[in-house]
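Chain A is the first sequence line, chain B the second, and so forth, proteins listed ahead of strands; every chain is numbered from 1. Hydrogens, waters and symmetry mates are skipped; everything else that's a heavy atom, side chains included, is used.
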Amino acid sequence: MPELPEVETIKRGLQNELVGHTISAIEVRVPKLFIGEANKLVGQTVVSLDRRAKLLICQLTNYLLITHLKMTGQIIFVPKKDEHWVVGGHPDKAYIADLPHKHTHIIIEFDNGTLYFNDLRKFGWMKLLEKTSDLEPLVAEYGVEYTWPEYTLDYFTERLGRRPNTTIKQALLDQSLVAGVGNIYADESLFATKIRPTRKVADVKPKEIEALYHAIPAVFELSLSHDGTSSQHYRQHDGRKGRFMEFVNVYKREGAPCKVCGSPIERLKIAGRSSHYCPKCQK
DNA sequence: CACTTGACCTGTCCGC
DNA sequence: TGCGGACAGGTCAAGT
């Protein structure tokens, strides 16, 4: 479910809640979703939160706690003190009140509230790493972050060029190209650059590649400014939805009129993933 | 080696 | 209303 903007939004939200706070207890209801010795979390204090690709990285006093939300994972933090939300009131109180529920698989108690890990499909996981260097194999295959200085047109072009016979859609989903691009943002970036997702990488012209290189960060930033895309399951750390679905041009808009030309958006499968595009705008 | 498919799970939606 | 099938944002392993 969550791609880069969603995980980044959760990270930013949790930073405000968790940094400096200490874990008092942990309950793992579905053992296979927590890798490592969960009890070691007790007594640990959150030093910082970070993100790499779609991984959420929580630096603790002595360990790292890594989370991948995969398709339907959620991390919801409920503060002990309700006044916490007094400013404006909590926008989705009913959602919070339901926790924990049948899809809550891990519960972590902090001195200031409770963190719930929910996952309908149980694809997501949490992992306790004993030392910082254990993170390396987990992130070794990821490409650069779009915010890094290493994200250059040369890098992007060179990496794409290694896979000339793949469709551009498939290439974008490869985490070793640009970390954090998933189905939504691949489709939206391709619409923004008028490139049809079925095109072979080798047939995409340098100018189009350059446009794509700029479009990916732009789409990420736009989604971030609306707290991500809540197509179905995604929630922010406080239970609110993201609002980017209101702004998508093609994703999940099959049959709806293109916002640019009015043609019905089409959908087809590319490498097993549904892909949405405008048949008129995208060549 | 590169690419495709199936598996991991559970729920929703759509057609008959 | 019930039932079967397709589909869902991610990533691996196994197969071609």
Does anything in residues 43-55 of chain A form a side chain to side chain donor-acceptor pair (under 3.5 Å)? List the pairs, not counting sequence neighbours. A:E8-A:R51, A:T22-A:T45, A:Q44-A:N62, A:R51-A:E145, A:R52-A:E145
Tell me whether A:R29 is salt-bridged to A:E27, with the criterion being a basic N under 4.0 Å from an acidic carboxylate O. yes
Both distances under 3.5 Å, Watson-Crick or G-U wobble: on that basis, could you give the dot-bracket string for DNA chain B, with [ ] for crossing pairs and | for other-strand partners? .|||||||.|||||||
Between P of C:dG10 and CD of A:E141, the distance in whole Å: 18 Å
How many whole angstroms separate atom CG of A:L33 from atom P of C:dG10? 18 Å
A:E141 atom CD, neighbour heavy-atom count above 12 within 6.0 Å: no
Do any pairs count as a ring pair (Phe, Tyr, Trp, His ring centres under 6.0 Å) and have a residue in residues 250-272 of chain A, sequence neighbours left out, and if so which ones? A:Y251-A:H276
Nearest-Å distance for atom pair CD/P, residues A:Q74 and C:dG10: 16 Å
Sequence neighbours excluded, the answer for side-chain contact (heavy atoms from CB on, under 4.5 Å) partners of A:P217 is A:Y146, A:Y151
Atom C1', compared across B:dG6 and C:dA6: separation rounded to whole Å: 16 Å
Starting at atom CG of A:L138, determine the distance to atom C1' of C:dT11, rounded to an integer number of angstrom. 13 Å
Once side-chain contact (heavy atoms from CB on, under 4.5 Å) is applied, do any residues pair with A:E150, and if so which ones, sequence neighbours excluded? A:V144, A:W148
Nucleotide N/O to protein N/O under 3.5 Å, stretch nucleotides 14-16 of chain C:
none

Taking the same atom, P, in C:dC7 and in B:dT5, what whole-Å distance lies between them? 13 Å
A:K205 NZ: over 12 foreign heavy atoms closer than 6.0 Å: no
Aromatic rings A:H105 and A:H103: how do their planes relate, parallel, tilted or perpendicular, breaks at 30° and 60°? perpendicular
May I ask you to list the residues sharing a hydrophobic cluster with A:I265, side-chain cutoff 4.5 Å, ordered by chain and number? A:F191, A:V250, A:V260
When you compare B:dC1 with C:dT11, how far apart are their P atoms, in angstrom units rounded to a whole number? 23 Å
Counting only side-chain nitrogens and oxygens, does A:K70 get under 4.0 Å of the OP1 or OP2 atom of C:dT11? no
C:dA14 to B:dC9 separation - P atoms, rounded to the nearest Å: 16 Å
Results of salt bridge (Lys or Arg N to Asp or Glu O under 4.0 Å) for A:R121 - residues two or more places apart only: none
Applying side-chain contact (heavy atoms from CB on, under 4.5 Å) to A:A186 and not counting sequence neighbours gives A:K169, A:L172, A:L173, A:V181
Atom pairs under 3.5 Å, N or O on each side, protein against nucleotides 4-8 of chain C: can you list them with distances?
from	atom 1	to	atom 2	distance (Å)
C:dA8	OP1	A:R267	NH1	3.2
C:dA8	OP1	A:S274	OG	2.7
C:dA8	OP2	A:K269	NZ	3.1
C:dA8	N3	A:R121	NH1	3.4

Outermost DNA chain B nucleotides near chain A [under 4.0 Å, heavy atoms]: B:dC3 to B:dG11
Suppose we screen for side-chain contact (heavy atoms from CB on, under 4.5 Å). Which residues come up paired with A:D134, at least two apart in sequence or across chains? A:L129, A:E130, A:K131
Run the salt-bridge test on A:D174 and A:R163 with the 4.0 Å N-O cut-off and return the result as yes or no. yes
Between atom CG in A:L173 and atom C1' in C:dT11, what is the gap in whole Å? 11 Å
In terms of heavy-atom contacts, does NZ of A:K11 have more than 12 from other residues, nucleotides or ligands at under 6.0 Å? yes
